[in-house]
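Please read the structure below before turning to the comments.
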Amino acid sequence: MTKSILVEKSIEFAKDILPITKSLRDANHRILADQLFRSATSIGASIHEAQASESIKDFIHKLKIANKEAWESDYWLKLTRSIMNFPPEIEMRRAIIHKMINKSITTAQKNAETKN
């Protein structure tokens with residue numbers, strides 16, 4: 001399997017989230033930490049799962065799930081920003097991943113149309 005830049009970026013993003021969620025837990029914001037952790041790590045899990053999809057339709061579906069998780073992560077990051085500081089690059093990385101997911105979905109949809 002070829003190396004996926006999107007998979008790599010999603011892993012790096014998930015690793016960036018770990019110290020934030022630890023700080024949230026330490027400050028007794030466990031529910032917020034858990035929600036952020038789940039949505040942020042789910043992005044990469046869905047992207048990784050898409051790499052082994054059974055069809056283009058399945059690939060697109062899994063990327064759409066990753067897209068929703070990226071939106072959810074945006075919400076939890078905004079809420080987290082209201083109570084603590086963290087590097088702004090983390091929000092930028094999420095936005096870049098989000099754009100890459102959208103571009104991958106668009107490309108896959110065009111490829112699916114071409115095959116039909």
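One distance of note links CD1 of Ile65 with CD1 of Ile60; it measures 12.5 Å at 0.5 Å rounding. The line from NZ of Lys103 to CG of Leu6 is 13.5 Å long, rounded to the nearest 0.5 Å. Atom CD of Glu69 is separated from atom CD1 of Ile47 by 10.5 Å, given to the nearest 0.5 angstrom. Here Tyr75 contributes atom OH and Glu72 contributes atom CD; the two are 9.5 Å apart, rounded to the nearest 0.5 Å. The OG atom of Ser23 lies 8.0 Å from the CD1 atom of Ile20; values are rounded to the nearest 0.5 Å. Rounded to the nearest 0.5 Å, atoms CD (Glu49) and OG (Ser42) are 9.0 Å apart.
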Check the pair Asp16, Phe86 against side chain to side chain contact (heavy atoms under 4.5 Å, CB included), reporting the backbone distance first and the verdict last. CA-CA 10 Å; Asp16 288 342; Phe86 55 86; over 6 Å; no
Test log, rule side chain to side chain contact (heavy atoms under 4.5 Å, CB included), inputs Asp34 and Arg25: CA-CA 8 Å; Asp34 291 347; Arg25 282 186 187 94; 3.0 Å; yes
I would like to know whether Lys22 and Leu18 meet side chain to side chain contact (heavy atoms under 4.5 Å, CB included); could you show each step before the answer? CA-CA 6 Å; Lys22 182 183 181 326; Leu18 295 175; over 6 Å; no
Worked verdict on Asn102 versus Leu63 for side chain to side chain contact (heavy atoms under 4.5 Å, CB included): CA-CA 8 Å; Asn102 283 328; Leu63 288 183; over 6 Å; no
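Side-chain heavy atoms closer than 4.5 Å link hydrophobic residues (I, L, V, M, F, W, Y) into clusters, and following such links, possibly through other members, connects Val7 to Ile17. Hydrophobic clustering (side-chain heavy atoms under 4.5 Å, transitive across Ile, Leu, Val, Met, Phe, Trp, Tyr) groups Ile11 together with Ile5. Residues Ile96 and Ile90 fall within the same hydrophobic cluster, defined by Ile, Leu, Val, Met, Phe, Trp and Tyr side chains chained together at heavy-atom separations under 4.5 Å. Note on Leu79 and Met84: same hydrophobic cluster, where clusters join Ile, Leu, Val, Met, Phe, Trp and Tyr whose side-chain heavy atoms are under 4.5 Å apart, directly or indirectly.
Salt bridge annotation for Lys15-Glu12: present, with a cationic side-chain nitrogen under 4.0 angstrom from a carboxylate oxygen. Under a 4.0 Å N-O distance rule, the pair Arg81/Glu91 qualifies as a salt bridge.
Remark: Phe37 CZ is loosely packed, at most 12 non-hydrogen atoms of other residues, nucleotides or ligands lying under 6.0 Å away.
Of all heavy-atom pairs spanning Ser10 and Gly44, the tightest one is OG-CA, 3.3 Å. Among all heavy-atom pairs drawn from Ser104 and Phe59, the shortest one is O-CE2, 4.5 Å. The two residues Ser46 and Lys62 make their nearest non-hydrogen contact at CB-O, 3.7 Å.
Just one of Thr21, Leu24, Asn85 meets the side-chain contact (heavy atoms from CB on, under 4.5 Å) condition when paired with Thr80; it is Leu24. Of the candidates Ile101, Ile43, Ile97, Lys9 forms a side-chain contact (heavy atoms from CB on, under 4.5 Å) with just one, namely Ile97.
In this structure a side-chain-to-backbone donor-acceptor pair under 3.5 Å is present from Asp58 to Glu54.
The closest side-chain donor-acceptor pair between His98 and Arg94 falls under 3.5 angstrom.
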